[in-house]
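The structure displayed is predicted, hence computed values, not measured ones. In listed order, ligands and their atoms are each counted from 1.
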Amino acid sequence: MKTRVTELLGIEYPVIQGGMAWVADSSLAGAVSKAGGLGLIGAANAPGEWVREEIRKAKAIAGNKPVGVNIMLLSEHADEVAKVVVEEGIKVVTTGAGNPAKYMEMWKNAGIKVIPVVASVALAKLMERAGADAVVAEGTESGGHIGSTTTMALVPQVVDAVNIPVIAAGGIADGRGMAAAFMLGAEAVQVGTRFVVAKESNVHPNYKERVIAAKDIDSEVTGTSHGHPVRQLRNQMTKEYLKLEKEGKSFEELEHLTLGALRRAVVDGDVKMGTVMAGQIAGLVKKEETCEEIIQDFVTSAAKLLKLEA
Ligand code: TUI
């Protein structure tokens, strides 16, 4: 399964782990990279020094294989983290929730491969012109902060609009989804939800159980009214939030429900009032497995469907 993405990143399999806030730590990222995919530390809202420590721990797990960092551009620490990745010799950076153009020159000068996550053709084209090495085209099926176009519609349109390789994300949790993404022109997949329940994932057992119990129709999108739509699994918090949102409450009046809520779910296991971010494909995720088992399942099944050598 050699593609331009495996060549660009120096990885064995075209499977990239999503840079999930509070979830994608050194344990998960190190294990994904060790298993031949690309593991990413999710910097989210964390300070630079936390990211530095996690990079070092992940490298110790992954050995000589590459580990990347995902930078969430809405973070107040984004400038600091952008420098930490250079100082720590990181070779791959993905970005989310914004336009990373202002960091591009610094990263390119440091030999970093830059892969912005985009939810539209317009941003994909802008990123190619700014020097991106690839893009992740992320459909609205994804968990967390999302755009509005589906993976099925977004991926081929981005593929036709740019010459750099495209990585598909959103709604992909097994080899069938991976094979479908390749048929749309993608050269790798980014996977989030299935890695949330990996053995090496440190999320609270309640969070894993909630993902494993999820059905196809169990996700909701909150925050649409103030321009930051976030997909998560339905619970008491989303019910209260959506009711208030429907009543036209302001961002300030809603904020108390979501402040620190991802941490409450991931770390404390409060899956009733916490934010349980997961994609629409959660219903397909049925068991806890090691990252190696997950990646091997993806590639053997996709290769069979695509009639390739695994
Ligand atoms: O970033 C993600 N997923 C995320 S970030 C996150 S933390 C967060 N929590 C609450 C509110 C906001 C963030 C949880 N999940 N995926 C990549 C992604 N990027 N999806 C959509 C976008 C995106 C959206 C708008 C990228 C750029 C953009 O506008 C570009 C511009 O020009 O500003």
Would you say Val189 and Val299 are hydrophobically clustered, going by side-chain heavy atoms of ILVMFWY under 4.5 Å? yes
Does one side chain, of Glu220 or Tyr241, offer a donor that lies under 3.5 Å from an acceptor on the other? no
Taking every heavy atom of Asn202 against every heavy atom of Ser27, the minimum-distance pair comes out as ND2-CB, 3.4 Å
For the residue pair Lys34 and Ile61, what are the closest heavy atoms and their distance? CD-O, 3.5 Å
Min heavy-atom dist Gly98 to ligand 1 below 4.0 Å: yes
Proximity flag Val118 to ligand 1, non-hydrogen atoms under 4.0 Å: no
When clusters are formed from ILVMFWY side-chain contacts under 4.5 Å, directly or step by step, what else is grouped with Ile146? Val221
Minimal non-hydrogen separation, Val271 against Arg210, with atom names: CG1-CB, 4.4 Å
Residue part near ligand 1, for Met72, under 4.0 Å between non-hydrogen atoms: side chain
Check ligand 1 against Val230 and write out every atom of the ligand that is under 4.0 Å from a heavy-atom position of the residue. 10 (C), 11 (C)
Looking only at heavy atoms, is any part of Met20 under 4.0 Å from ligand 1, and if so is it the side chain, the backbone, or both, or is it neither? neither
Any nitrogen or oxygen of Met277 lying under 3.5 Å from a nitrogen or oxygen in ligand 1? Just yes or no. no
Counting heavy atoms under 4.0 Å, the part of Leu262 that contacts ligand 1 is neither
Will you find, in the side chains of Gln232 and Thr222, an N or O donor that is under 3.5 Å from an N or O acceptor? yes
Option set Met127, His145, His228, criterion heavy-atom distance to atom 3 (N) of ligand 1, minimum: His145
Number the atoms of ligand 1 from 1 as they appear, then name those within less than 4.0 Å of a heavy atom of Leu123, with their elements. 26 (C), 27 (C), 30 (C)
For atom 12 (C) of ligand 1, what is the closest protein heavy atom, and at what distance to 0.1 Å? Leu74 CD1, 3.7 Å
Heavy-atom pair of closest approach, residues Val5 and Ala188: CG1-CB, 3.7 Å
Hey, which atoms in ligand 1 end up nearer than 4.0 Å to a heavy atom of Glu138? 16 (N), 17 (C), 18 (C), 20 (N)
Write out the residue and atom name of the closest protein heavy atom to atom 1 (O) of ligand 1, then the distance separating them to 0.1 Å. Ala97 N, 3.4 Å
Contacting atoms of ligand 1, where contact means under 4.0 angstrom from a heavy atom of Gly144: 14 (C), 15 (N)
